[in-house]
Every structure is written in structure tokens, then in C-alpha cells.
Amino acid sequence: MNETDETKPLLSGRSDRVIDEYEDDVKLTGCGATAACDPRQTLHRFLVLILICFLSFGSYFCYDNPGALQTEIKSAMEVNSSQYMLLYSLYSWPNVILCFFGGFLIDRVFGIRFGTIVFGMFVLIGQCIFALGASLNSYTVMEIGRFVFGLGGENLAVAQNTYAVSWFKNKELNMVFGLQLSFSRVGSTVNMNVMKPIYDATSDALPEYKKLAIALWVGSGFCILSMICGLALWFFDARAARITKKGSGETGEVIKLSDVKDFPLTLWLIFIICVTYYVAVFPFIGLGVIFFEDKWDFSAADALLVNSLVYFISAGASPVFGVAVDKTGRNIFWVVSGVVLTIVAHFMLAFTFINPFITMSVMGIAYSLLACALWPIVAYIMPEHQLGTSYGFMQSIQNLGLAVVPMIAGKILDESGYLILEVFFSVMLCASLIASLILYLVDQSEGGFLNMSAKEREVQKASLAKRELKKELPSHSITSPIRPRSAFALRNRYLSRIGAKLPDHFNPHVKSLSRHGVLQ
């Protein structure tokens, strides 16, 4: 059975690339026709990209609030490392399931616009409860806040990814993912470097939990900023849909949850790479401040700075690597390179006393490289109508790891110290490297599209488009020159052969002559 356009991978050479995508669009006049206001123009799309990038700024800023205030939370709330890491686990647990359903709801129930607002509200309310718990000196309320915050955080990232693909699916996708990651990590970097000064700036006369609460309430303000971006995106996306008639191409096909079992092997390998890589980065950053203070005798400010280098570097490097991956292709090669560099960084942290500013810089480069190359691969594999579900499931599996591993990491730290913890993270990265190499082998056995250069992909897309265009030619366009004669024509031909007298103007194929009695 031939694949239809709807069930083909989004970026693997669909025939609609050769069609004028604007031929049926609404014609704009006046200010609406300017490059800044026309959704078909590059300038307008990149203005929308700014909103997409800041959509998750508040979520990323607040996600690492515990990491920036690790010492202060443990002191004010009188908890150990295992209890402290629950703040990360409780964020991730609801997303083990909800990320998958979040993508499904974005695809088929809420739609991307309303779904973005729903998940943004969960982020805002969860952060407010988290700050309220600190105000009440109740660690239990803080844990509830992190749980509610988690109900929206990862699903908001799914919505962000879906917006990015919707606006940039034909080009610049790797660069867009890089910029998106960059701005998100700006939020994490700002958090790591401003939360402690905010805490220190509060009056020393206040109890520790009150000072903690003031700092956390600041985070709520950044969540409001993200909500404003979500509302603005709703307006611009709805306007673009009216102008470009994006909805007219929908198939109405219903996604079944049972479709998950039909995900290709390459997609499952991407899931494994994702979870085994990120569990070696995020939990380490959550526990890294005290590690740098103890091993290198850093001050609190220096420890926070070096701990935020991964986010700081990714904020600047991600757009560059995004453009590089767009221009060169070879996504799997870049994924493998990112994993290998991260393994090197963890080994340096565990077994050497090399300046951690160097080591964390290497990790930041590796993290940026992997993220820019890994996430767009999903769009090369899956059809467009399943992108939300695919990204949701990817986030879901990632959060399963980020729910379990922080608890394991906290227990290892309490019982065995940072050296064994670094060995544990290195083992996770080795698993990620093995999955990456298997992905390369599987991809090569299926034609090697995922690791092709950008030029090779364009050639293959053009070839596929021509092949599909030939398939779409109507079957009646080629007709045989031989036509069967009717019974009337055969009779007249017989009469002429035996010498029967026919009128000079007679056409043996004109049946009306028989009705006039000419041949009777």
C-alpha cells in the first residue's frame, strides 16, 4: 500500500514541497502586508520565534530554583539530600504520564493555542504554591507546589516544540530548536545567578524561611511573563491560520493511543538516548553547588557560577550549533559527539582536579550540540499529525528517568559521596553512547537518511517528490490508439465489403443513418 502524505515523516521529502504553498492564501493590504505583519514573511516568523522562545522562560527559571538555593533550602527546611532531591522528582513524576497525554491533548483535544494557556496556568499556580509553602514554613506544601508545577512544565515544552515545528517545519528547524533551547537556558542561567543575591539582599532580621519565600515569589513573576507570551502566540497563530488557511490541509485522522506500539525502532532509540543523557546532566546540576564548594573550596558565588556554566554556554552556543546542524546535516554524528564529550567531562570531574570552569564549559558545549541535533530527528521520522504525541512521549520517558534518578542520586550522595555519584552518571552516559551507535547502524540499514548531509537530504527529497508526482498522474492520461468498433460499425463495414450501396456522405460510425432507413 502506498504511503499517503499524512503518514509520511514530516521532513523526508513529501511531494507538497514542490507546490506553491501560498496560492490560496488571503491577500493582505496596508500594514498587514508588510514583512513584519505578514505570517508568510521571514521577519514575521522570527518575531513569532521570540515569543516561542520566551514561552518557557518562566518554567526554566523556576525549575532550577532549588538548585540555586540548595544550601538555603536544606538549612531553612532542615532536610537532607534525599529529601531535597524530592523537589526535582515530584516535578517529574506527573510528567511520566501527562507528557504523553499532553501531546495527545495538544494534537486532538485542546489544540496548541488553548493547551499552551492551560499548561502555562499549571506552571504559574504551582510556583505560587511552592513560594507559599516557604512562606508558611511547610516543606509539605512546597512539595505539593512542585508537583502542580510539574503538571504544566513539561507539557508547556511540548507545546513550545509543536509551535516551533508548525511555524518552521519547511526550513531552519534545527536552528529554531537551538534558539529555543538557548532562550530557555537563559532562564536557567539567570536563575542560578540572581536567586542567591535576592536571598542575601533580604533583611537578616527575617527568619530563613521568610527570606527563602521572598526569593521564590520573584520566580512567580517570570511565570506571568511566560503566560503573556502564550496569549500573544494564540493571537498570532490564529491570525496566521486565517491568512494562510493552515487548517484546510488537516486530514481529520484520529490518533489512537495504541499507535505507540507502531513507533519505529529509531524513535525508541532516540527515547533511550534522551533519558540516559539528561539524567546525567540535570540531577548533577541540582547537586553541583555543594560539590564545587567541597572539592575545589569555592565560595558560594563561584560555585553557583560554575554550576550554571552548562546553561550559560548553551544559551550562546545552541543557536550556532543549530545553524551548523542545519547546514551540515549528519544529526547522528553530532549526537554521538555530544555524548562522548559529556562522558569526558564527567570523568574529568570525578578523577581530576582540572579547573571545573574548563570541565563545565566542555559539558555545556556537548549539551548544546546534542540538544540541537537530537530533538529535530523526531520530525524526520514521524508524520506531522503525530508530532505532538511523539514529543510528548519523548518528554514522558525523559521525566521517568528524571523522577527516579534524582532519588537514587540523593541516596548515593548521602551514603557514598560525590565520587560514586560521578561513576553512576558516567554509566548512564555510556548507555546513551551505546544507544546512539545502535541508532546509527539501524539508520544505515534503512537508507541512512538521519545521518545524511543536508545536501544529500535535499537530493533525496527532490527524487521522492518526482517519484510521487508520477504516481499521482491520472491513469486515463495514457490512452491506447486502438479503439474497439461498435456492433453498428462492424455491420456497416461488412455491408460495404460485400458491395452494398451506401450514400457518398455516409460515415459508417454514424448510427443515426440506421434510424433514417438508409441501411434498412
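Atom set for the values below is all heavy atoms of this structure, side chains included, hydrogens, waters and symmetry mates excluded.
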Rounded to the nearest 0.5 Å, the CD1 atom of I270 sits from the CD1 atom of I377 at a distance of 4.5 Å

Closest non-hydrogen atom pair, S436 against V335 = OG-CG1, 3.8 Å

Check: N399/W93 side-chain N/O donor and acceptor closer than 3.5 Å = no

Verify side chain to side chain contact (heavy atoms under 4.5 Å, CB included) between L450 and F333, making sure each step is shown before the conclusion.
-> CA-CA 10 Å; L450 301 182; F333 169 78; over 6 Å; no

Pair T342, Y367: side-chain N/O donor-acceptor within cut-off below 3.5 Å = no

Does atom CZ of F312 have more than 12 heavy-atom neighbours, drawn from other residues, nucleotides or ligands, at distances under 6.0 Å?
-> no

Closest non-hydrogen contact found for S314 with S368 is CA-OG, 2.8 Å

Parallel, tilted or perpendicular, as decided by the 30° and 60° cut-offs, for the rings of Y91 and Y63 = perpendicular

Apply the test side chain to side chain contact (heavy atoms under 4.5 Å, CB included) to residues M85 and M407: give CA-CA distance (whole Å), side-chain angles for both, the deciding distance (0.1 Å), then the verdict.
-> CA-CA 6 Å; M85 289 302 287; M407 294 189 296; 5.9 Å; no

Salt bridge present between E72 and K196 (N-O < 4.0 angstrom) | yes

For the rings on F46 and F168, is their centre-to-centre separation under 6.0 Å?
-> yes

With C53 as reference, evaluate I50, L55, L51, L49 under the side chain to side chain contact (heavy atoms under 4.5 Å, CB included) test and give the passing residue.
-> L49

Distance in Å, S166 OG paired with D237 CG, rounded so as to fall on 0.5 Å steps | 5.5 Å

For the pair M394 and W375, evaluate side chain to side chain contact (heavy atoms under 4.5 Å, CB included) and give the outcome as yes or no after the intermediate values.
-> CA-CA 9 Å; M394 189 171 178; W375 290 87; 3.6 Å; yes

Looking only at side chains, do S81 and K74 share a donor and an acceptor under 3.5 Å apart?
-> yes

Indicate yes or no for a side-chain donor-acceptor contact from N193 to the backbone of S308 under 3.5 Å, with no hydrogens or angles considered.
-> no

Enter the distance from N307:CG to L287:CG here, rounded to the nearest 0.5 Å.
-> 9.0 Å

Counting only N and O atoms by type, is there a donor-acceptor contact under 3.5 Å from the side chain of H346 to the main-chain atoms of A280?
-> yes

With no hydrogens and no angle check, is any side-chain donor or acceptor of N137 less than 3.5 Å from a backbone partner on G133?
-> no

Tell me, do F61 and S188 make a side-chain contact under 4.5 Å, heavy atoms counted?
-> no

So which heavy atom on G153 is nearest to which on S59, and how close?
-> CA-OG, 3.8 Å

Ignoring hydrogens and angles, tell me if any N or O in the side chain of N331 forms a donor-acceptor pair with the backbone of N451 under 3.5 Å.
-> no

Any side-chain heavy-atom pair of S337 and L369 under 4.5 Å = yes

Does atom CZ of F271 have more than 12 heavy-atom neighbours from other groups under 6.0 Å away?
-> yes

From CG (D64) to OG1 (T189), nearest 0.5 Å | 9.5 Å

To the nearest 0.5 Å, how far apart are OH in Y84 and OG in S89?
-> 11.5 Å

Can you establish whether the number of heavy atoms outside F114 located under 6.0 Å from its atom CZ is more than 12?
-> no

Taking the six-membered ring for Trp, are W167 and H44 parallel (under 30°), tilted (30 to 60°) or perpendicular (over 60°)?
-> tilted

Donor-acceptor pair, N191 side chain versus Y60 backbone, under 3.5 Å?
-> no

With distance as the sole test, does R146 use its side chain to make a donor-acceptor pair with the main-chain N or O of L87 at under 3.5 Å?
-> yes

Can you check whether F119's main-chain N or O pairs, donor with acceptor, with N155's side chain at less than 3.5 Å?
-> no

When every non-hydrogen atom of L216 is compared with those of Q127, the smallest separation belongs to O-NE2, 3.0 Å

List the steps, then state whether side chain to side chain contact (heavy atoms under 4.5 Å, CB included) holds for L370 with V339.
-> CA-CA 7 Å; L370 179 132; V339 175; 3.5 Å; yes

Output for pair (L309 CG, M192 CE), nearest 0.5 Å, gives 11.0 Å

Exercise: identify the closest heavy-atom pair between P66 and F130 = CG-CZ, 4.4 Å

Which word best sums up how the rings of F57 and F222 line up, parallel for under 30°, tilted for 30 to 60°, or perpendicular for over 60°?
-> tilted

Any donor-acceptor pair under 3.5 Å linking the side chain of S432 with the backbone of M428?
-> no

Examine distances only and state if a side-chain atom of T276 and a backbone atom of L429 form a donor-acceptor pair shorter than 3.5 Å.
-> no

Whether Y163 side chain and V48 backbone form a donor-acceptor pair below 3.5 Å | no

Of the non-hydrogen atoms in L439 and I273, which two are nearest, and what is the gap between them?
-> CD2-CD1, 3.9 Å

Quiz item: cation-pi between R457 and Y380, 6.0 Å / 45° | yes

